[in-house]
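Structure record follows, encoded as structure tokens.
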Amino acid sequence: MTTLYTPKEKAELIEKAAVQGRSLWDDARVRLMRNKAAVTSMIVLAILVFLATIGQLLWVHDYDTIYRDRVWIAPTMDNWHILGTDAQGRDMVARILVGLGVSLMVGIVATFVSLLIGVTWGATAGFIGGKVDQVMMRFVDILYSLPFIFFVIILMVTFGRNIVLIFVAIGAVEWLTMARIVRGQTIALKGMEFVEAAHAAGVSRPKIIQRHIIPNVLGPVVVYVTLMIPVVILAESFLSFLGLGVQEPLTSLGRLISAGAQDMEPAPWTLIGPAVTMMVTLFCLNFIGDGLRDAIDPKDR
């Protein structure tokens, strides 16, 4: 006897069969593409990255030939100062492009450093367990107790102000939460059948961690990375706002916001441009992180 389905039921059955035939990552990609906020954020973020990468070549402004003895030019189409200039007469569009590039670079590099340290540390501690796990995680707790700003000030006083130290300082703190997340996932995975089979086959612990544990914790890690990049950018901006971050002649969005806050009354455009750029960048990264979290969550499959 032939079963009759409504068009809506047929569509649901087709979609269910398609989901069952896809892998977790294929299904996550499809679900992510259905998230309009995440897709829009990826497009906007790609445009921002493109502008931060080559925008400085397209929007060339030479101080000696264009801005000599000219300060605080309001936004105007004359000479293409569409966002005005700062107190030294430097074009704000050019400054924002440079600052956006530096902020994104700090966020990506520091996140990669914390990812590398945190995943390795957490997977090792969770897989070995016992006293090794206790010692490694107590070390993490000790680092958690250190004030972040105090740690950065010590680095700056000891080694001098350098953009590399910003990567080290932020990456040396942000990996702690990553290590805890990976440790919890590893503890749940090390009792699975495929890990026991690798043990029985004589595979060494480092190989098991590298080939079986780390690939299976990448889902939560990918989501956390997309949410950690905005945290790192905000941390760098906070340091630059206090004068402990990026130093001249480089600049960052945080440093531009700090300078704009000082000149907010006579030249509000020096604050509005960097602040809006920072807000849009953080919104995009957070929407992408939320979209990945919803797409990878196995409970929603």
Nearest 0.5 Å, what's the [atom1]-[atom2] distance between [X] and [Y]?
X      : Y      : atom1 : atom2 : value
Ile96  : Thr277 : CD1   : OG1   : 4.5 Å
Gln262 : Ile257 : CD    : CD1   : 12.5 Å
Lys190 : Thr186 : NZ    : OG1   : 9.0 Å
Met42  : Met33  : CE    : CE    : 3.5 Å
Ile229 : Tyr224 : CD1   : OH    : 11.5 Å
Leu45  : Phe283 : CG    : CZ    : 14.0 Å

According to a hydrophobic-cluster definition based on side-chain heavy atoms being under 4.5 Å apart (Ile, Leu, Val, Met, Phe, Trp, Tyr only), do [X] and [Y] belong together?
X      : Y      : value
Val280 : Trp269 : yes
Leu282 : Ile43  : yes
Met192 : Ile208 : yes

If only atom types and distance count, is the side chain of [X] paired as donor or acceptor with the main-chain N or O of [Y] below 3.5 Å?
X      : Y      : answer
Ser258 : Gly254 : no
Tyr144 : Thr177 : yes
Thr40  : Ala37  : no

### Trp175 vs Leu116, side chain to side chain contact (heavy atoms under 4.5 Å, CB included): CA-CA, chis, key distance, verdict
CA-CA 8 Å; Trp175 69 269; Leu116 185 64; over 6 Å; no
### Message
The test is side chain to side chain contact (heavy atoms under 4.5 Å, CB included); show your working for Ile181 and Val221 and say whether it passes.
### Response
CA-CA 8 Å; Ile181 292 175; Val221 167; 5.5 Å; no
### Candidate pair Arg180 and Asp141, rule side chain to side chain contact (heavy atoms under 4.5 Å, CB included), full reasoning
CA-CA 10 Å; Arg180 286 188 169 184; Asp141 294 337; 2.4 Å; yes
### Query
Can you name the ring pair (Phe, Tyr, Trp, His ring centres under 6.0 Å) partners of Phe139, sequence neighbours left out?
Trp121
Any idea which heavy atoms bring [X] and [Y] closest together, and the distance?
X      : Y      : result
Val132 : Ile128 : CB-CG2, 3.8 Å
Cys284 : Val44  : SG-CG1, 3.5 Å
Val232 : Ala110 : CG1-CB, 3.6 Å
Leu48  : Leu100 : O-CD2, 3.6 Å
Met228 : Thr111 : CE-CG2, 3.4 Å
Ile288 : Ser41  : CG1-CB, 3.8 Å

I want to check something: taking the side chain as every heavy atom from C-beta on, are [X] and [Y] in contact at a cut-off of under 4.5 Å?
X      : Y      : result
Met92  : Pro274 : yes
Thr270 : Arg95  : no
Val225 : Met178 : yes

### Task
Just do the side chain to side chain contact (heavy atoms under 4.5 Å, CB included) check on Ile233 and Met278 with the steps written out, would you?
CA-CA 9 Å; Ile233 292 177; Met278 170 75 77; 3.9 Å; yes
If you look only at distance, which donor and acceptor atoms sit under 3.5 Å apart when one is on a side chain in residues 101-109 and the other is two or more places apart or in another chain?
{"residue": "Ser103", "atom": "OG", "partner": "Gly99", "partner atom": "O", "Å": "3.1"}
{"residue": "Ser103", "atom": "OG", "partner": "Leu253", "partner atom": "N", "Å": "3.2"}

